[in-house]
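Order of the sequence lines fixes the chain letters, A, B, ..., with proteins taken first and strands second; residue numbering starts at 1 for each chain.
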Amino acid sequence: MNEEHLLRIQAIAEAALLAAGKPLSLDQLRELFTEDERPARQVMEHVMMLLESACENRGFELKKVASGFRLQIREEYAPWVGRLFEERPQRYSRALLETLALIAYRQPITRGEIEDIRGVTVSSNIIRTLLEREWVRVVGHRDVPGRPAMYATTKQFLDYFNLSGLDQLPPLSEVRDLEEIGREIEKNMQAEIEFESPKDDDSNEQTLH
Amino acid sequence: MNEEHLLRIQAIAEAALLAAGKPLSLDQLRELFTEDERPARQVMEHVMMLLESACENRGFELKKVASGFRLQIREEYAPWVGRLFEERPQRYSRALLETLALIAYRQPITRGEIEDIRGVTVSSNIIRTLLEREWVRVVGHRDVPGRPAMYATTKQFLDYFNLSGLDQLPPLSEVRDLEEIGREIEKNMQAEIEFESPKDDDSNEQTLH
Amino acid sequence: MDDSEATPVADEEETPEQSPLARVSGKPFVDLPKDLYIPPDALAVFLEAFEGPLDLLLYLIRRQNMDILNVDVSEITRQYMDYIGAVEAMRFELAAEYLVMAATLAEIKSRMLLPRQESEDDDEVDPRAELIRRLQQYERFKKAAEDIDELPRLERDNFSASAALPKMPSSQPHPDVDLREMLLALQGVLQRADLFTSHHVEREKLSTRERMSAILSVLRDDHFVTFESLFTPEEGKLGVVVSFLATLELVKEQLIEVVQAEVLGPIHVRARAAS
């Protein structure tokens with residue numbers, strides 16, 4: 001396969017990605033070609049690398065996200081590009097973000113389970129917004145009374161937040177396990193009951209692991 | 001003005017044109033820059049020439065149109081890019097139809113006002129689809145912070161639905177009684193399905209539409 | 001987030017015995033936070049400021065620089081009750097969850113006052129441990145939500161790149177829509193928004209709203225046009241009335257401004273915020 005041929009595949013891939021305005025998978029890109037001219041997967045992968053470096057020094061870049069490849073404006077130019085749009089970028093409420101976080105990290109999860117952790121009811125609007133944005137979807141129903149829907153995040157969610165997989169989410173902070181909490185509490189309660197300021201031999205900060 | 005500086009202006013112009021999805025005039029491009037860094041008209045013209053030659057051998061090209069500059073997929077790649085759109089279009093989402101109905105009945109209306117009534121955010125995609133289909137258009141901007149666009153329906157919208165004017169839409173008081181219409185639709189759909197199912201209930205292709 | 005540095009100075013107004021109000025990592029604190037007073041209008045946003053009782057508790061705990069594991073239940077309970085009492089006194093509706101939490105706190109507090117019974121069933125969950133577990137769990141996801149909000153995202157930090165299509169071999173087919181489908185969708189929104197009780201939507205005839213859009217698009221540039229040019233006599237009396245009503249409505253919604261330089265002079269109109 002000569003260079004000219006590769007360059008042509010690269011230009012077609014670039015054209016398709018700019019026409020789609022959304023991510024395309026490697027196979028979707030390959031299927032743009034008729035069978036007799038369809039590049040092998042490895043060739044297509046190589047072409048994507050070529051395209052990536054061809055975008056250096058340009059206003060846009062090739063980004064790999066969950067559902068494939070996307071051409072997007074380089075983040076460093078967002079301040080200028082943002083001036084094109086009169087409307088402020090949308091802000092999301094804490095309630096929505098917390099619900100989304102729970103679905104992302106704890107999927108599949110029911111609304112009731114989300115409410116248990118958040119300690120408040122989750123409004124239907126939040127669930128509807130998340131479903132409409134196609135950030136979450138129903139993946140089944142839990143086999144308990146009422147058969148509540150179980151929610152999970154979608155590829156579109158990952159795409160939107162520039163992630164190629166759930167493992168790219170920021171790590172969840174650690175939690176000290178319950179038994180240890182129990183011991184700690186007992187110790188502290190004991191101290192409180194005995195009504196004396198403890199000589200704190202081991203400060204609490206170090207107990208994290 | 002050194003080369004590096006020009007390259008940067010070129011990248012920002014390219015980024016803006018790819019993000020805008022519509023032509024931008026020379027002045028619109030210049031206005032993306034703050035006053036102290038804004039390139040002179042001649043500089044900007046020169047940058048557009050640089051950008052044009054930077055698009056050689058790529059999937060897209062710079063075109064000069066009446067309202068300014070536009071980045072456009074090269075026509076020679078249309079056969080490949082066209083295959084992206086060959087799939088049968090899906091149906092519009094309920095969110096889109098609700099948005100369209102509110103624009104029809106409450107025009108001129110801003111996105112925020114639609115969101116207030118729907119109780120759910122309206123994604124940019126929905127607005128974009130409606131604008132692209134030329135069923136709605138921007139008729140002005142509300143004089144409030146952010147100067148949000150006000151949307152109204154178009155003649156194409158009326159034409160598509162065979163209306164000579166908006167007053168041919170049923171009044172809202174009648175929309176309330178739509179249950180009946182709903183039942184009717186369901187009945188018709190049922191009839192269609194029954195009509196087709198006896199022959200081959202497996203083939204989904206020819207149902208509906 | 002807070003400016004309530006609890007200073008280790010005694011406060012006479014508090015409990016007669018000088019027991020510490022709070023222990024922060026073992027160090028006793030004996031005075032009250034000064035910012036407990038909430039101005040009435042701040043109360044109005046109180047319920048929106050917190051995402052529920054756990055969030056409020058976390059706030060109270062953090063405000064005192066306490067460690068979750070080291071929570072002084074008595075003090076936190078007292079502050080929590082103060083907030084709840086203030087909200088209730090203002091007759092704001094309080095979500096039931098807040099009251100459930102109040103009961104839980106009260107229970108924990110009362111248990112702590114009782115001497116510990118060694119014989120107590122080991123299986124029973126210590127309510128304080130359970131509360132701490134919940135607080136920790138909630139805090140993790142509160143943090144996770146903040147992290148997600150920080151991620152670079154489309155339409156804010158990233159924009160997808162797209163270019164215009166050239167002349168294409170065949171035009172892209174659009175989905176078909178039945179007018180009734182759209183009306184059914186509208187019915188759904190109306191039911192949700194309960195708009196039937198509001199006259200706002202029904203007040204103007206649709207022909208008026210259509211004319212409002214038409215007038216606005218005529219006024220798109222920043223120029224004044226004469227008032228008369230908004231009317232098309234060929235439309236007859238009814239058409240003129242519709243235009244007039246639309247103009248009035250636009251004035252009322254503050255979308256256009258009408259100017260008359262002198263008495264009986266020509267009237268000019270322009271969009272208040274032309275594009």
Engaged part of B/Leu18 at the chain A interface, taking heavy atoms whose separation is under 4.5 Å: both
Taking B/Ala19, B/Pro148, B/Ala20, B/Gly146 one by one, which has the highest count of heavy-atom pairs under 4.5 Å against chain A? B/Ala19
Does any backbone or side-chain atom of B/Ala149 lie under 4.5 Å from a heavy atom of chain A? Answer side chain, backbone, both or neither. both
Quick one: CG on B/Leu50 to CG on B/Leu62, what's the gap to the nearest 0.5 Å? 11.0 Å
So, the part of A/Leu96 with a heavy atom under 4.5 Å from chain B: the answer is neither
With sequence neighbours left out, what residues match A/Pro108 under side chain to side chain contact (heavy atoms under 4.5 Å, CB included)? A/Val139, A/Met150
Take A/Leu163 and A/Val65 through the side chain to side chain contact (heavy atoms under 4.5 Å, CB included) test and state the conclusion after the steps. CA-CA 5 Å; A/Leu163 305 168; A/Val65 290; over 6 Å; no
I need the A/Ile9 CD1 to A/Leu32 CG distance, nearest 0.5 Å. 11.5 Å
Can you confirm whether A/Phe69 sits close enough to A/Pro23 that some side-chain heavy atom of one is under 4.5 Å from a side-chain heavy atom of the other? no
Under 4.5 Å from a heavy atom of chain B, the part of A/Ala54 involved: both
CG of A/Leu131 to CD1 of A/Ile126, rounded to nearest 0.5 Å, is 12.0 Å
With a 4.5 Å heavy-atom cut-off, do A/Val43 and A/Leu6 have their side chains touching? yes
Check chain B against chain A and list any donor-acceptor pairs under 3.5 Å.
{"unit_1": "B/Glu14", "atom_1": "OE1", "unit_2": "A/Arg58", "atom_2": "NE", "d": "3.2"}
{"unit_1": "B/Glu14", "atom_1": "OE1", "unit_2": "A/Gly59", "atom_2": "N", "d": "2.8"}
{"unit_1": "B/Glu14", "atom_1": "OE2", "unit_2": "A/Arg58", "atom_2": "NE", "d": "3.2"}
{"unit_1": "B/Glu14", "atom_1": "OE2", "unit_2": "A/Arg58", "atom_2": "NH2", "d": "2.4"}
{"unit_1": "B/Leu32", "atom_1": "O", "unit_2": "A/Arg83", "atom_2": "NH1", "d": "2.1"}
{"unit_1": "B/Glu37", "atom_1": "OE2", "unit_2": "A/Trp80", "atom_2": "NE1", "d": "2.9"}
{"unit_1": "B/Ala54", "atom_1": "O", "unit_2": "A/Arg58", "atom_2": "NH1", "d": "2.7"}
{"unit_1": "B/Arg58", "atom_1": "NE", "unit_2": "A/Glu14", "atom_2": "OE1", "d": "3.2"}
{"unit_1": "B/Arg58", "atom_1": "NE", "unit_2": "A/Glu14", "atom_2": "OE2", "d": "3.2"}
{"unit_1": "B/Arg58", "atom_1": "NH1", "unit_2": "A/Ala54", "atom_2": "O", "d": "2.7"}
{"unit_1": "B/Arg58", "atom_1": "NH2", "unit_2": "A/Glu14", "atom_2": "OE2", "d": "2.4"}
{"unit_1": "B/Gly59", "atom_1": "N", "unit_2": "A/Glu14", "atom_2": "OE1", "d": "2.8"}
{"unit_1": "B/Trp80", "atom_1": "NE1", "unit_2": "A/Glu37", "atom_2": "OE2", "d": "2.8"}
{"unit_1": "B/Arg83", "atom_1": "NH1", "unit_2": "A/Leu32", "atom_2": "O", "d": "2.2"}
{"unit_1": "B/Arg118", "atom_1": "NH2", "unit_2": "A/Glu132", "atom_2": "OE1", "d": "3.2"}
{"unit_1": "B/Arg118", "atom_1": "NH2", "unit_2": "A/Glu132", "atom_2": "OE2", "d": "2.6"}
{"unit_1": "B/Gly119", "atom_1": "O", "unit_2": "A/Asn125", "atom_2": "ND2", "d": "3.1"}
{"unit_1": "B/His141", "atom_1": "ND1", "unit_2": "A/Glu86", "atom_2": "OE1", "d": "3.3"}

Derivation of the side chain to side chain contact (heavy atoms under 4.5 Å, CB included) call for B/Ile103 and B/Phe157: CA-CA 11 Å; B/Ile103 294 175; B/Phe157 164 81; over 6 Å; no
Heavy-atom closest contact (A/Ala15 atom, B/Ile73 atom, distance): O-CD1, 3.3 Å
Scored by heavy-atom pairs under 4.5 Å with chain B, the best of A/Leu71, A/Leu84, A/Val81, A/Leu17 is A/Leu84
